[in-house]
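Reminder, nothing fancy here: chain letters follow the sequence lines and each chain counts from 1. None of these values were measured; they are calculated from a predicted model.
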Amino acid sequence: MCSSKFKLNMNKDEKVIRVRFAPSPTGPLHIGGVRTALYNFLFARKNNGKFILRIEDTDQNRYVPGAEKYIQEALSWCSLDLDEGPNVGGEFGPYRQSERKEMYYSFVKNLIDSGDAYYAFDTPEELDGMRESMRSAGVPSPTYNNISRSSMINSLTLPLDETEKRISRGDKFVVRIKMPRNHEIKFKDKIRGWVSVNSNNIDDKVIYKSDGMPTYHLANVVDDYSMKISHVIRGEEWLPSAPLHVYLYKCLGWEDQIPQFAHLPLILKPDGNGKLSKRDGDRLGFPVFPVNWKNPETNEIYKGYREEGFSRAAFINMLAFLGWNPGTEKEVFNLDELVSEFSLSRVGKSGAKYDFNKLKWFNQQHLRRMDNEEIYDNLVDKKVDFSINPSKEYWLKVIGLVKERATFLDDLKLELSCFLSNKFTYDVNSINKKWNLELLPHLSSLATIIFNLQKFTSSQIEISFHNYLDDNDLSLGKLMPMLRIAITGRLAGPSMFGILELLGKEEVKLRIDRAIKDIQHG
RNA sequence: GGUCCGUUCGUCUAGGGGUUAGGACAUCAGGUUUUCAUCCUGAAAACAGGGGUUCGAUUCCCCUACGGACUGCCA
């Protein structure tokens, strides 16, 4: 007895981990959805399991062209590679519910035959009428449940032959689950612990629609079962219907195949409260989508993080930390590191307000961790319009000089501009502030001195610069800004001596001469 | 309204029967830097409230308050 129980547990532990991300293609995936996908991915990779994409398109009315493609593109931008899915295949396909349409009815039929479900003929108008009259009688949210079903038109209230007649003549019908009276339905959520609901509080949900498609609830359970899903990791908005799903497993005879549930806390709006929604982006000034989305009807573009210049690593890192943390003080993680640290037991219970600022910080941190070579590969513009040889080595040095000043890869464009071209204009404010005509002679003589240096290196230049200042009783703060304006056109930038070395003697000479000649004070 | 879930600095969070309740972002103040940015140092900033249990509760239990999700032939 004991040993067999032990064996059973062993089997359960050794069960292959299979998780699915199951969005419905009703529009672009927003960051909450991406995080759900991410947690599924991390959990699968961490446990040597499979990460599966399943498209839940049981509602034809809400189908949005391009949405599925968007989902794939978003996942792929985030490097959340699929093991199985609509475009990658797999032995449990098809992975679109619309393509699985035929398989659902037999399960529905089983439920009807066992008395766990029934036909209902009420039209949408009749349902509205029922709800309306119940509301006016003081019921805040009327449901089709184990009480109200007795006054509706269904196979429970109709004589058998009438039901058969209606079906055989092609009347529209739906199939509803028949929730039992006073049953305690409970399950253990990996994040929340035991959740228990009395069946009296669950309504007779439609599981099969009059258009011949299953509803989410049924399709979800049937597919998770047939795809051998071991863990259902999804948003907290599904928590209220989880007991129904558990009950469905029981009715279908799959009680020992019920997956483990993990209901993730929601991502909340940064201002006020409530679930972050697709509309919040414009209102709050940050994207809510991973990559750009173009509304196929209006052609309106909704901004994505990719296009706004964020790195996938930073985006993923930020998302991972919205509701999860490793329990250490380390915060900057790449995907592989997240995989090795991830665990559902460290996912929090309460909703997290989205923090755009923190994402910027993550972006900066990840940019800093990118090596110069990688940044070099990402540089679009590697042509220099003045007479130096822009070797790769040159660029690596320039990048090293400039890298830590940037939050975005794009910031480097500005930082790099003086290394790309000498055809810049001088910034007027900088000139007004620091360009001093009386010191022009000093700038010239300083230039002469450094041009005579044997080694035009930042350290040699720095030494002669300081010597010159000492000899002429000048302060650094006077002459240096002028030099900077002459060389870069503006006042902000990285170490001046480093810039001079990299530009090289000839180019520096050219720029100083030109500045002295061209800059008009005031 | 009902059901379910939740509640530690402004935000993300660590912690967990005895702690100066820790970190990060943001904020503010100093410092380094020729400059801007970076960087460094520091400051301010939290256990929702009330009852239990206990020698002791922020931590465990209950209640209240507040917040959220759900309440469709949507997912």
Pairwise C1' distance, B:A14 and B:U19 [rounded to whole Å]
13 Å
So, for A:Q365 and A:V332, which heavy atoms are closest and what is the spacing to 0.1 Å?
CB-CG2, 3.7 Å
How far apart are the closest heavy atoms of A:H30 and A:L276, and which atoms are they?
NE2-O, 3.1 Å
Please give, in whole Å, the distance from B:U35 C1' to A:D427 CG?
12 Å
Mapping A:W194 and A:M496 to their closest nucleotides on RNA chain B, which lands nearer the 5' end?
A:W194
At under 4.0 Å between heavy atoms, how does the protein contact nucleotides 63-75 of chain B? Give one character per nucleotide, 5' to 3', with B, S or -.
----SSSSBSBBB
Report yes if some heavy atom in the side chain of A:F289 is under 4.5 Å from a heavy atom in the side chain of A:V34; otherwise report no.
no
Atom-to-atom span, CD1 of A:I499 to P of B:A37 - whole angstrom:
16 Å
In whole angstroms, the gap separating C1' of B:U13 from CZ of A:F333 amounts to 13 Å
Sidechain N-carboxylate O distance under 4.0 Å for A:R283, A:D271
yes
Look at A:R346 and B:G15 and indicate whether a side-chain polar atom (N or O) is within less than 4.0 Å of OP1 or OP2.
yes
Identify whether any heavy atom of A:L491 sits under 4.0 Å from a base atom; if not, whether one sits that close to sugar-phosphate; answer base, sugar-phosphate or nothing.
base
What's the CG-P distance between A:L244 and B:C4, to the nearest Å?
16 Å
Check: protein-nucleotides 24-29 of chain B nitrogen or oxygen pairs below 3.5 Å:
from, atom 1, to, atom 2, distance (Å)
B:A24, O4', A:E331, OE2, 2.9
B:A24, O2', A:E331, OE2, 2.6
B:A24, O2', A:K358, NZ, 2.8
B:A24, N3, A:K358, NZ, 3.2
B:C25, OP1, A:W361, NE1, 3.1

Return the nucleotide paired to B:A37: Watson-Crick means purine N1 to pyrimidine N3 with N6-O4 or O6-N4, wobble means G-U with N1-O2 and O6-N3, both under 3.5 Å.
none
Separation of B:C12 atom C1' from A:K330 atom NZ, nearest Å, is 18 Å
Sorted by position of nearest nucleotide on RNA chain B, 5' first, the leading residue of A:Q364 and A:S196 is A:S196
Less than 4.0 Å between a side-chain N and a carboxylate O, is that true for A:D355 and A:K353?
no
Selection: residues 405-418 of chain A, any non-hydrogen atom under 4.0 Å of RNA chain B
A:R405
A:K353 atom NZ is separated from B:U13 atom P, nearest whole Å, by 11 Å
